[in-house]
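Presented below is the structure to which this report refers.
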Amino acid sequence: MTTRTVNATQELAAFLRTRRERLDPRDVGLPSRRQFRRTPGLRREEVAELAGVSVDYIVRLEQARGLRPSADVVEALSRALRLAPHERTYLFDLTRQRPRNADKPVTTAAPPLAGLVADLSPLPAMLMNHRYDILAWNAEMAGLLVDFDTLPPLQRNAMWLCLMHPQIREFYVDRERVVREGIAHLRAAWAAHPEDRTLTDLIAEFTTHDEEFARLWAERDIKPNGRGSKVMRHPGAGVIAVRFEVLVPLQDPDQRLMICRAADDESRSALDRLYAR
């Protein structure tokens, strides 16, 4: 699959196949069949029966033959494949059935949000857009991660830093989980913003130059994580565990506010020492 441009038809075909193959007939209330199955998961005719469409329709969808399902069919497929809410949203995005924001992608911080980022000190905070471009940050976030002012604008991207920056590449204790969660967000953003060539170029760069990204991207995980924890190996403060929260402002839905706080007393002390410098 290429990410140079968004080929929604091919991605829809691959997504439907992977979700069909992970299901067992017993998961959807179908009787267990005794005969040998050559492929894992449900058969196409079983999906067609559950969704109320023809087998030929499912075949054409999975062969990327240019069909564009209606919203009703997308909803029926979501139920038939037992899609989780985030997967259902992704399917609606792929089929272009979800209403879209006609505004261009945000590349600068909304002034009120930039002010909020500064006011959140001493909590580390930063503002990003759907690509993970870092639009604003406070001194505590720069001290925790990297001095963003020293980076060229094109490198002020949270995913680029995690994958390409020499220091940040080894920063996270559970690196694969952090990368996996970032990819899930980027894949959902990629489906929701098919017109964003900068995003597709960024994904193509990551896929070409980072084997781990390419491997995880191919798994098609699209469950973003807006709340959780990360453990970091800070070169000047040692191991720091933080809890993070990502908030989406109603007035500026393309911007994401990330706020971090210490996860335990040792990490709080480490952050205090770091900021005191």
| Of Asp196, Asp254, Asp201, which meets salt bridge (Lys or Arg N to Asp or Glu O under 4.0 Å) against Arg131? | Asp196
| query | When you check the gap from the basic side-chain N to the acidic O, do Arg180 and Glu219 get nearer than 4.0 Å? | reply | yes
| message | Against Arg187, only a single residue in Glu181, Glu87, Glu11 fulfils salt bridge (Lys or Arg N to Asp or Glu O under 4.0 Å); can you say which? | response | Glu11
| Do His193 side-chain atoms and His130 backbone N/O form a donor-acceptor pair below 3.5 Å? | no
| Any donor and acceptor pair, going by atom type alone, linking the side chain of Asn138 with main-chain N or O of Leu123 inside 3.5 Å? | yes
| task | Determine yes or no for a side-chain-to-main-chain donor-acceptor pair under 3.5 angstrom, with Arg96 supplying the side chain and Arg68 the backbone. | result | no
| field | Same apolar cluster: Leu151 and Met128, side chain cutoff 4.5 Å | value | yes
| With the 4.5 Å side-chain cut-off for hydrophobic clustering, are Leu16 and Val47 part of the same group? | yes
| request: Please list, chain by chain and in numerical order, all residues satisfying ring-ring contact (aromatic ring centres under 6.0 Å, His included) with Phe213, sequence neighbours excluded. | output: Phe206, Trp217
| query | Is it true that Glu176 and Arg215 make a salt bridge, defined as a side-chain N closer than 4.0 Å to a carboxylate O? | reply | yes
| message | Donor-acceptor check, side chain of Glu46 to backbone of Arg43, threshold 3.5 angstrom: yes or no? | response | yes
| remark: So the salt bridge (Lys or Arg N to Asp or Glu O under 4.0 Å) pairs with at least one residue in residues 148-172 (sequence neighbours excluded) are Arg169-Asp210
| When you check the gap from the basic side-chain N to the acidic O, do Glu245 and Arg227 get nearer than 4.0 Å? | yes
| query | Would you call Arg60-Asp56 a salt bridge at under 4.0 Å N-O? | reply | yes
| message | Check the orientation of His165 and Trp160. Use parallel for under 30°, tilted for 30 to 60°, and perpendicular for over 60°. | response | perpendicular
| Is Arg65 atom CZ crowded by more than 12 heavy atoms from other residues, nucleotides or ligands, each under 6.0 Å away? | yes
| query | Is the backbone N or O of Glu205 less than 3.5 Å from a side-chain atom of Thr208, with the two atoms forming a donor-acceptor pair by type? | reply | no
| field | Within 6.0 angstrom of Arg268 CZ, more than 12 heavy atoms from elsewhere | value | yes
| Under 3.5 Å, side chain of Ser267 to main-chain N/O of Ala241, donor-acceptor pair present? | yes
| query | Taking ILVMFWY side chains as joined if any heavy atoms are under 4.5 angstrom apart, and letting links pass through other members, which residues group with Val231? | reply | Val173, Val239
